[in-house]
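As the structure is a computational prediction, the values presented were derived from the model and not from experiment.
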Amino acid sequence: RRGLGELARAPQIVAPPPQALPLERAALEPLDRRRAGGTPRQPAAQRVPAPEQCLVGQRAGVGRAVVVRGGHHHQPAADQRLERRLAAEEVDRGYARAVAALDAALEIAPGDAGARARRCDIVYERALIAERDFQRDRVADLVEALAACDAGGQRRRRWHAPAALTVEVVPANATVTLDAYHPDGLRLVARPHGPPGPAPFATTAPPGSYVITARAPGHATVHLPLLLARGERRTERLTLPAAAAIPAGFVLIPAGRFRYGSDDVDEELRRVYWNTSPLHEITTPAYLIGRHEVTYADWIAWLEALPEAARGPLLPRTGAKAFIAGPDFGLTPAPGGRWRFRFRRADHVYEALDGEPITYRDRDRRQVQDWRRFPVAGVSYEDGLAYAAWLDATGRVPGAHLCTDVEWERAARGADGRRYPNGARLAPDDANIDETYGRQTLAFGPDEVGAHPASRSPFGVDDLAGNVWEWVTAI
């Protein structure tokens, strides 16, 4: 459901943050030491590029056996999965033995308050372990069991113990808001957790998923999704860059930690198809990422800056460069210095010159579109590297490079490990996917970037689900 049945790939560009912005925030202070953060990834100069396609929570084509971040050795994903599965099985066996023994004791002495309390303690401890291992459904079942056994409510109060959050911001005249994510059908919706306040901002909040937003006149607005653990005391320090320091069309991702990998319970699916690690927390430094995918207008600007003889190999097209359904697809020069875009759906060819729209058949919405605002597709990974190098060399986006898989995934998911940018599933019109236009053959095709704000990510990045696949670099 990431794309349109076509393996059309668009480059996604990231860059270092402005020099005045610290790359790392201060250390966090969780009271629950079970929630260990990750380590910073390697700086750009140390990355070894390799092509990869990414999904939110479901990454395809991961071509690595060992990952090294910040000098720490990470085991191959297969070893992580095996160790976690064996450990979880052993925990379950021990939990079952303990509960069975206490149930037997309670059959003999139903009024034994000590045995009943010990049984409830075991449920609480097992819920903590399930939460640590990101077993969401298991956590929900155990918390329900906890409510049934915790007569005095002591354990439930401990489970829901609020976190204390302080947000410090530079500049000092910033305003801070804290929104909490709540399930709303298929989506996670951010709702205010109390009124905004000046920095430094202090509040308490139940454990859960939140997003901090900091604003100040003349400065870029910064969003920081985060997970608050029960009973933790946490301080976040944010520096807002001047608005003019952020390249047009880019979003700042502040340094922070997030849940990376897959929590898919189908081990075979995760191992064979997604080939990804189990869900775990890691940390990234700050970076900038494009709010949208690279468009045809962006690509044409690059082509027109090159000598005419150098443009041919970089034209988006089918064939060896990209696997796109149908033989008739591409961008070509047209007389008078114009450009022609065309693609075929079944027996119909959509075609337009620059300045002319694409008008879709069999759609009941978004029929007329500006193809120059489509995400560029039919380009190779090497083309993407060359485009990013041009952005860097010309000073348009200093330090530009293709996203790494970690950068892409954090920008898409925020902090809480959601499967899609807006929650657990995509509704048909949340993104440009197979169901969006009723699976009508002539309705299939790209949409303009930003056309589906319902799937906007917690950082405000669009089109990280649907439309086209995107090239990133594996680390």
Please check this pair: side chain of [X] against backbone of [Y], looking for a donor-acceptor N/O pair closer than 3.5 Å.
X      : Y      : answer
Ser457 : Ala411 : yes
Tyr210 : Leu228 : no
Arg363 : Val368 : no
His401 : Gly399 : yes
Arg156 : Asp150 : yes
Asp463 : Gly450 : yes
Arg234 : Leu227 : yes
Thr436 : Pro428 : yes
Trp299 : Tyr387 : no

As an exercise, state the distance from [atom1] of [X] to [atom2] of [Y], rounded to the nearest 0.5 Å.
X      : Y      : atom1 : atom2 : value
Glu409 : Ser262 : CD    : OG    : 9.0 Å
Tyr95  : Glu125 : OH    : CD    : 11.5 Å
Ile246 : Leu288 : CD1   : CG    : 5.0 Å
Leu188 : Arg418 : CG    : CZ    : 4.5 Å
His223 : Ile253 : NE2   : CD1   : 9.5 Å
Leu240 : Thr221 : CG    : OG1   : 7.5 Å

Is there side-chain contact between [X] and [Y], with heavy atoms separated by less than 4.5 Å?
X      : Y      : value
Tyr381 : Leu402 : yes
Ile122 : Val99  : yes
Val167 : Leu178 : no
Leu165 : Leu226 : yes
Pro196 : Arg215 : no
Thr177 : Pro192 : no
Cys149 : Arg155 : no
Gln135 : Leu142 : no

Residues Asp370, Arg372; criterion salt bridge (charged side-chain N to carboxylate O under 4.0 Å, His left out); working and verdict: CA-CA 5 Å; Asp370 179 359; Arg372 288 172 60 93; 5.2 Å; no
Ignoring hydrogens, what is the shortest heavy-atom contact between [X] and [Y]? Give both atom names and the distance.
X      : Y      : result
Ala454 : Asn422 : O-ND2, 3.0 Å
Leu252 : Pro254 : O-CD, 3.5 Å
Gly445 : Tyr360 : C-OH, 3.3 Å
Pro458 : Val211 : O-CG2, 4.2 Å
Ala229 : Pro207 : C-CB, 4.0 Å
Ala465 : Ala431 : O-CB, 3.4 Å

Intermediate values then yes/no, side-chain contact (heavy atoms from CB on, under 4.5 Å), Thr175 and Phe201: CA-CA 8 Å; Thr175 299; Phe201 176 88; over 6 Å; no
Candidates Arg138, Arg136, Arg230, Arg126 - the one meeting side-chain hydrogen bond (donor to acceptor under 3.5 Å, both in side chains) with Glu131: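 Going through the options one by one, the only one that passes is Arg230.
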Identified side-chain hydrogen bond (donor to acceptor under 3.5 Å, both in side chains) counterpart of Asp447 within the set Arg373, Gln369, Arg366: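 Of the listed options, the one satisfying the test is Gln369.
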Quiz item: cation-pi between Arg259 and Phe134, 6.0 Å / 45°: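 Checked: cation-pi criterion not met.
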side-chain contact (heavy atoms from CB on, under 4.5 Å) between Glu407 and Thr284, intermediate numbers included: CA-CA 8 Å; Glu407 291 165 340; Thr284 77; 5.8 Å; no
Pair Phe258-Ile282, side-chain contact (heavy atoms from CB on, under 4.5 Å): steps then yes or no: CA-CA 6 Å; Phe258 78 109; Ile282 62 175; 3.6 Å; yes
Greater than 12 external heavy atoms within 6.0 Å of Gln367's CD: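 Yes, CD of Gln367 has more than 12 neighbouring heavy atoms, counting only those of other groups under 6.0 Å.
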Intermediate values then yes/no, side-chain contact (heavy atoms from CB on, under 4.5 Å), His182 and Val189: CA-CA 5 Å; His182 298 274; Val189 177; 5.6 Å; no
